[in-house]
Amino acid sequence: MKIKAINGFKDILPEEAVRWRFMEEKARDIFGRFGAREIRLPILEKTELFARSIGEATDIVEKEMYTFADKGITMRPEGTASLLRAFIEHGLHVQQPVQRLYTIGPMFRHERPQKGRLRQFHQMDVEVIGAPEPAVDAELMAMGRMLLDELGISASLEINSLGCPDCRPGFRSRLIGFLENRRHRLCQDCRRRIDTNPLRVLDCKKPDCRAQVQEAPSILDALCDPCRDHFAAVCRGLEALGVDHGVNRFMVRGLDYYTRTTFEFITGDLGAQAAIGAGGRYDGLIEQLGGPALPGIGFAMGMERLALLMEQQETPLPRPATDLFVAALGEKAAAYAFPLVHELRRLGLSAAMDHSGRSLKAQMKQAGRTRANYTLIIGDNELEQQEAILRDMATRKQESVALQTDAAEQAHLLALRVRQNVIVHP
RNA sequence: GUGAGCGUAGCUCAGCUGGUGGUAGCACCGGGUUGUGGCCUCGGAGGUCGUGGGUUCAAGUCCCAUCGCUCACCCCA
């Protein structure tokens, strides 16, 4: 019986990995432009970290974590908790008043896999710690938008405010009162949600629930003055930066730690998975985790979802190419080519040759397959006359080049000849 | 945790109400081109029809079980 990867865990094969690399390089580039520095974090953390940050009663903590119960450790289901733990542990706030950090890597949740949702999935996570200003909220969303733009992905941005510990509890109880009155008109799930997570009812997709909820009190009307001012300033900031967005008063978060600004990048092209990136402000969380009383805001992009969209929208990718393929015919020629290819590689070129003594036709085919820009053809005739044929694969033009006895010298000459014409394929 | 659908070559799939002999395309290898890739053409290799059981003279096809995958609910990036 063949051993296969386990359910919800996927291999990213070479062809697909090209897309992933492009995505990661774009992200690192753009995060860097916004002053974010990379932080690399462990995959395993104490279980308690996630219970305290994400929330004991959330689905993630209650039933989706990969936990080694006997050791009290868990494979991270998201990045923010780990990042903040590291931030607090190493006292990063004393270095700079505002820290912008990003991390990229795998996360783990034991859910049933479906389109755009795996058990091991990957996120790109950006967090800004120490800045309460609404301008930062707008800046972060603008950064997310820029990344999507440069990845060729179109999505809409929805924003909302969840208020703060001063104003949310009041809204929450008003909402519960409203929902209780209409309990009988809500779906089974929403009836349960009234007790577990009443705000979540606002986000139910069932038409009947949506209709009921239209009449519900709006959190935006219930915000305290500071939260109201903050939200207004966020909207102005987005407008100043030309970032299109819509206000969605029904949007909520699945994690407990969010305050004030929340946002999601939404697409209709991924089946049931609409959110490709989401985040928000978490002003009390760092203190709650035993750190300094600093505000924070961050968001995560789901990389599998981005990759699916890039594929659908046919985002052009840089394809790897070979600078020079050496086609050697016969043992003597192969013996000459062997160190030559090595020297070419030492000089920084990508070079390849065949080791199985195949026909020239087969080797040319191989050269084409490896996307070689040039092929150097060396046979017995060429060795005898100390001249090889250099073929430009795109133009099919050939020229002869003098053969040197020394491989390093030969490689150097070829590199000079071939490099100036190396094309970076779009 | 719940529901539905699907398992035929490395990939994408054909195979009608069960009827000798398992399709095709892509990819791979070779020939046409005795030393020149992409196009064309000819050929080759590649399959326990997911697995086990049952019905039948006969099962890729029908039934049952099992495993796997996919999508959706839930939840979320």
Side-chain angles (χ1 to χ4, degrees), chain A residues 1-8 10 13 15 54 57-64 77-80 104-126 144 155 187-190 192-193 196-197 200 203-206 251-255 263-267 270-280 298-309 322 325 327-330 333 354 356 358-382 388-398:
Chain A
M1 190 140 84
K2 270 191 275 188
I3 297 177
K4 306 203 306 182
I6 61 182
N7 191 222
K10 275 239 166 64
L13 300 177
E15 208 174 315
I54 298 169
T58 58
D59 277 19
I60 294 178
V61 171
E62 242 172 30
K63 53 195 187 198
E64 295 174 0
E78 57 111 36
T80 303
I104 297 175
M107 309 293 163
F108 304 84
R109 292 183 200 171
H110 191 98
E111 305 178 270
R112 287 292 287 272
Q114 62 191 68
K115 189 180 179 70
R117 192 173 82 181
L118 296 175
R119 289 181 172 172
Q120 175 178 334
F121 61 104
H122 300 76
Q123 289 189 336
M124 306 189 289
D125 215 320
V126 187
C187 70
Q188 283 300 327
D189 286 325
C190 283
R192 178 175 46 77
R193 285 175 185 135
T196 58
N197 184 0
R200 185 67 184 70
D203 205 26
C204 186
K205 288 170 201 124
K206 296 209 170 66
M251 187 178 71
V252 299
R253 307 275 62 208
L255 289 65
F263 58 96
E264 285 182 4
F265 289 98
I266 307 276
T267 176
L270 278 184
Q273 267 57 244
I276 57 178
F299 78 98
M301 292 274 195
M303 296 175 74
E304 278 77 8
R305 295 179 185 182
L306 295 181
L308 283 169
L309 289 170
T322 301
F325 187 92
L329 301 167
D354 168 68
S356 62
R358 307 208 295 158
S359 69
L360 179 58
K361 177 177 175 152
Q363 292 196 51
M364 291 304 293
K365 199 173 172 185
Q366 198 176 337
R369 191 164 37 216
T370 58
R371 302 172 58 84
N373 292 316
Y374 288 90
T375 300
L376 186 72
I377 301 165
I378 309 172
D380 290 341
N381 301 342
E382 285 77 13
I389 298 164
L390 184 67
R391 178 180 176 86
D392 182 322
M393 296 299 277
T395 66
R396 318 181 74 160
K397 290 204 175 105
Q398 305 194 152

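Of all non-hydrogen atoms in Thr370(A) and Thr322(A), the two that sit nearest each other are O-OG1, 2.9 Å. When all heavy atoms of Arg200(A) and Val252(A) are compared, the closest pair comes out as CA-CG2, 3.9 Å. The nearest pair of heavy atoms linking Leu376(A) to Ala388(A) is CD1-CB, 3.9 Å. Nearest approach of Glu78(A) to Gln123(A), heavy atoms of both residues: CA-OE1, 4.2 Å.
A 4.5 Å side-chain heavy-atom check between Phe325(A) and Gln363(A) finds at least one atom pair inside the cut-off. Within the 4.5 Å cutoff, the side chain of Met124(A) has heavy atoms near those of the Leu306(A) side chain. Between Arg358(A) and Lys365(A) there is no side-chain heavy-atom pair separated by less than 4.5 Å. Residues Thr267(A) and Arg305(A) form no side-chain contact, since every pair of their non-hydrogen atoms from C-beta on lies 4.5 Å or further apart. Side-chain contact between Lys10(A) and Pro113(A): absent, with no pair of heavy atoms (C-beta onward) separated by less than 4.5 Å.
Comparing the same atom, P, in G43(B) and in G7(B) gives a spacing of 31 Å after rounding to whole Å. Using P as the reference atom, G44(B) and G37(B) are 23 Å apart when rounded to the nearest Å. Remark: the separation of the C1' atoms in U17(B) and G53(B) is 25 Å, to the nearest Å. Atom name C1', nucleotides U12(B) and G52(B): the rounded distance is 28 Å, in whole Å. Distance noted for atom P between G10(B) and G46(B): 12 Å (whole Å). Taking atom P on both nucleotides, U61(B) is separated from U41(B) by 36 Å, rounded to a whole Å. U33(B) and G38(B): their P atoms are spaced 15 Å apart (whole Å). One C1' atom belongs to U56(B), the other to G3(B), and the distance between them is 34 Å to the nearest Å.
Shown here, C28(B) forms a base pair with G44(B); the pair counts as Watson-Crick or G-U wobble because both key distances fall under 3.5 Å. Base pairing analysis places G60(B) opposite nothing; no Watson-Crick or G-U wobble pair with both distances below 3.5 Å involves it. With both pairing distances under 3.5 Å, U2(B) is matched to A72(B) as a Watson-Crick or G-U wobble pair.
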Each nucleotide of nucleotides 70-77 of chain B classed B (base within 4.0 Å of a protein heavy atom), S (only sugar-phosphate) or -, in 5' to 3' order, makes SSBBBBBB

Heavy-atom protein contacts under 4.0 Å, nucleotides 34-41 of chain B, coded B base, S sugar-phosphate only, - none:
-BBBB---

